[in-house]
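Reviewing the structure listed below.
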Amino acid sequence: SVELDKNKFNLVFTNKSGAPINRHNFYHREWKEALQKTGLPLFGFHTLRHFYASELVARGIDIKTVQEQVRHSSIEMTGNIYTHTNHQKVRQDINEKLGRKI
């Protein structure tokens, strides 16, 4: 591991020489193997970002906070991508209140 004070890029995760990790190498050498060991289906690392944002919206976190968390340049971008999750939650809540199973 590389200590941050010896890391000119100020990164937490680096390659063995302290430089940024090459995303292609990371995916093929580390990520795929980790997913296979856990029995999870293969998916890109970026999918975790979408999962995180979708979970925030589904749990009722306001869209402005979600935008800040995922560092989108505009609230419109976040809203266009993630508000469908919120609509699903609203529909689920309404159905539960009406005693319907969805």
Side-chain angles (χ1 to χ4, degrees):
S1 79
V2 177
E3 294 180 25
L4 287 178
D5 59 349
K6 295 181 182 179
N7 175 345
K8 69 180 181 178
F9 300 100
N10 200 28
L11 300 171
V12 175
F13 301 103
T14 65
N15 65 18
K16 291 179 182 177
S17 65
I21 297 171
N22 175 289
R23 72 178 193 189
H24 176 76
N25 290 344
F26 172 76
Y27 180 81
H28 289 284
R29 295 178 187 167
E30 312 290 337
W31 185 247
K32 278 176 65 174
E33 183 180 335
L35 290 176
Q36 289 168 344
K37 283 182 179 180
T38 62
L40 292 170
L42 290 178
F43 59 87
F45 194 75
H46 191 76
T47 301
L48 293 178
R49 177 184 169 143
H50 290 287
F51 174 78
Y52 173 67
S54 295
E55 275 297 302
L56 292 178
V57 171
R59 292 172 185 261
I61 304 300
D62 68 276
I63 201 73
K64 180 66 177 163
T65 301
V66 176
Q67 177 214 353
E68 291 168 356
Q69 288 290 300
V70 297
R71 302 185 73 169
H72 283 154
S73 59
S74 71
I75 198 165
E76 291 80 18
M77 176 186 287
T78 308
N80 289 338
I81 296 171
Y82 297 108
T83 53
H84 68 278
T85 305
N86 199 23
H87 292 291
Q88 183 75 14
K89 174 80 170 112
V90 168
R91 191 169 26 249
Q92 181 181 356
D93 288 347
I94 290 169
N95 284 329
E96 286 176 5
K97 297 280 192 258
L98 295 174
R100 297 180 188 161
K101 292 186 179 184
I102 57 171

List the residues meeting ring-ring contact (aromatic ring centres under 6.0 Å, His included) with H50, not counting sequence neighbours, and say none if there are none.
H46, Y82
Measuring from E68:CD to T78:OG1, what's the distance to the nearest 0.5 Å?
9.5 Å
Closest non-hydrogen atom pair, V66 against A53
CG1-CB, 3.9 Å
With rounding to the nearest 0.5 Å, note down the distance linking CG in L11 to CG in N15.
9.5 Å
From D62 atom CG to Q67 atom CD, the distance as rounded to the nearest 0.5 Å
10.0 Å
CZ (F43) with more than 12 external heavy atoms under 6.0 Å:
yes
For residues N25 and N22, report the shortest heavy-atom separation together with the two atoms involved.
N-OD1, 2.9 Å
At their closest point, which heavy atom of Y52 faces which heavy atom of V70, and how far apart are they?
CD2-CG1, 4.4 Å
With sequence neighbours excluded, give me every salt bridge (Lys or Arg N to Asp or Glu O under 4.0 Å) pair touching residues 26-40.
E33-K37
Straight-line distance of R49 CZ to Q69 CD, nearest 0.5 Å:
11.0 Å
Interatomic spacing from CG in L56 to CZ in F51 - rounded to 0.5 Å
10.0 Å
Please find the pair of heavy atoms, one from H72 and one from M77, that lie closest to each other, and give the distance.
CD2-SD, 3.4 Å
Distance (rounded to the nearest 0.5 Å) between L40 CG and W31 CH2:
8.0 Å
Under the criterion side-chain contact (heavy atoms from CB on, under 4.5 Å), I'd like the reasoning laid out for V57 against I63: C-alpha separation, chi angles, the key distance, then a yes or no.
CA-CA 7 Å; V57 171; I63 201 73; 4.1 Å; yes
Between F26 and F45, does the ring centre distance come in under 6.0 Å?
yes
